[in-house]
Amino acid sequence: KDNIDILIVDAMFTTNDILIKYKDELKELKKIIDIAIDELEKDEKAYYDLIQDYLYDTSFEEFQKSLSNIKWINKNIGGNFMRKKVIAGNWKMNMLPDQTIRFIDKLAPLVKDTKNEVILCVPYTDLFYALLTAQNTNIKIGAQNMHWEENGAYTGEVSGKMLKSIGVEYVIIGHSERRAYFGETDETVNKKVKAAHKYGLKPIVCVGETLEQKEAGETTNVITTQTRLALEGLSKEQVEGTIIAYEPIWAIGTGKTATSEDANNSIKEIRKEIAKNYGQEVADRVIIQYGGSVKSGNAKELFTTSDID
């Protein structure tokens, strides 16, 4: 930062053609660094890496070539650069405790150096074993559902307070299977999201359209309505702490996947809806995932889009 400040001052008074030519770009780079310094306090390692790339790990000649990208980076600094990539596995009704332990033991060394967030959302019976095995790893553990009440006569249900008490960090809310088979509605999703925040859990809210809705051209209306109703009554801070998972129902477990372009466009619509209700800055910070037959063969392409997190 100090070096850039000096260069900017020099550019104002020097006859050095290079400094004069790149004065505006240097000012834009300074904006990035100022934001990066603020973000470093939040442990956003991505910003540290960005600074490293531009200031330390390249020669001046390479740095000059990179300057052409600075305006684009500055324009998008509030968006994709500010959001972590998040990979969450929903185990559904699978895996016994012994399988859970073995799986996490094998997974942990494979993801130990990742900068991304790795989450396993496991059945209730596996939560304790998953939490125990995932200690001292960078794997986070989540549940697949919760009730909005703290306690009471709700046979078979588990509250957010219960999940938090054992160390769970994330919880899936509103998965299409819960909506289809167990009567989950936009209203109950909203109640659960509010309860999750009340108890310090990070909700992963699922939205998505059916094949019939897709073919009728209703995708945008369906997913933006689900998003708006799920977040209704939340503060801006709570919205920023909510992950949205766009999962087209027709693609879940079917082997069919939305094209990366279509998935990204749908997620852009979700982000626009959030911006409309909570402002662009909040929308740029919200993590929005894509789910629907994601696998090793298509994950990289999906992750290289502008809005899929």
What I want to find out is whether Arg271 reaches Asp309 closely enough, with some N-O distance under 4.0 Å, to be called a salt bridge.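 Salt bridge: yes.
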Under-4.0 Å salt bridge between Glu177 and Lys92: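 Looking at Glu177 and Lys92, the cut-off is met.
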In a check of side-chain hydrogen bond (donor to acceptor under 3.5 Å, both in side chains) between Thr100 and each of Asn94, Thr133, Asp126, which one passes?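 Exactly one option meets the side-chain hydrogen bond (donor to acceptor under 3.5 Å, both in side chains) with Thr100, and it is Asp126.
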Against Lys192, only a single residue in Glu184, His147, His197 fulfils side-chain hydrogen bond (donor to acceptor under 3.5 Å, both in side chains); can you say which?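 Going through the options one by one, the only one that passes is Glu184.
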Could you state the interatomic distance from OH (Tyr278) to CG (Leu231), rounded to the nearest 0.5 Å?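 The distance works out to 5.0 Å.
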Would you say CG of Asp98 has more than 12 non-hydrogen atoms from neighbouring residues, nucleotides or ligands within 6.0 angstrom?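 It does: Asp98 CG has more than 12 such atoms within range.
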Can you name the residues that form a salt bridge (Lys or Arg N to Asp or Glu O under 4.0 Å) with Glu240, not counting sequence neighbours?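 Checked Glu240 against salt bridge (Lys or Arg N to Asp or Glu O under 4.0 Å); zero matches.
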Would you say the side chains of [X] and [Y] form a donor-acceptor pair under 3.5 Å?
{"X": "Glu150", "Y": "Tyr199", "value": "yes"}
{"X": "Ser266", "Y": "Glu269", "value": "no"}
{"X": "Asn138", "Y": "Thr114", "value": "no"}

Of the non-hydrogen atoms in Ala134 and Thr137, which two are nearest, and what is the gap between them?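 Closest pair (atom of Ala134, atom of Thr137, distance): O-OG1, 2.6 Å.
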Where at least one partner belongs to residues 223-236, residue pairs that pass salt bridge (charged side-chain N to carboxylate O under 4.0 Å, His left out), sequence neighbours excluded: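 Listed once each, the pairs are Arg228-Glu273.
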Verify salt bridge (Lys or Arg N to Asp or Glu O under 4.0 Å) between Lys214 and Glu209, making sure each step is shown before the conclusion. CA-CA 6 Å; Lys214 170 183 165 62; Glu209 80 281 10; 5.5 Å; no
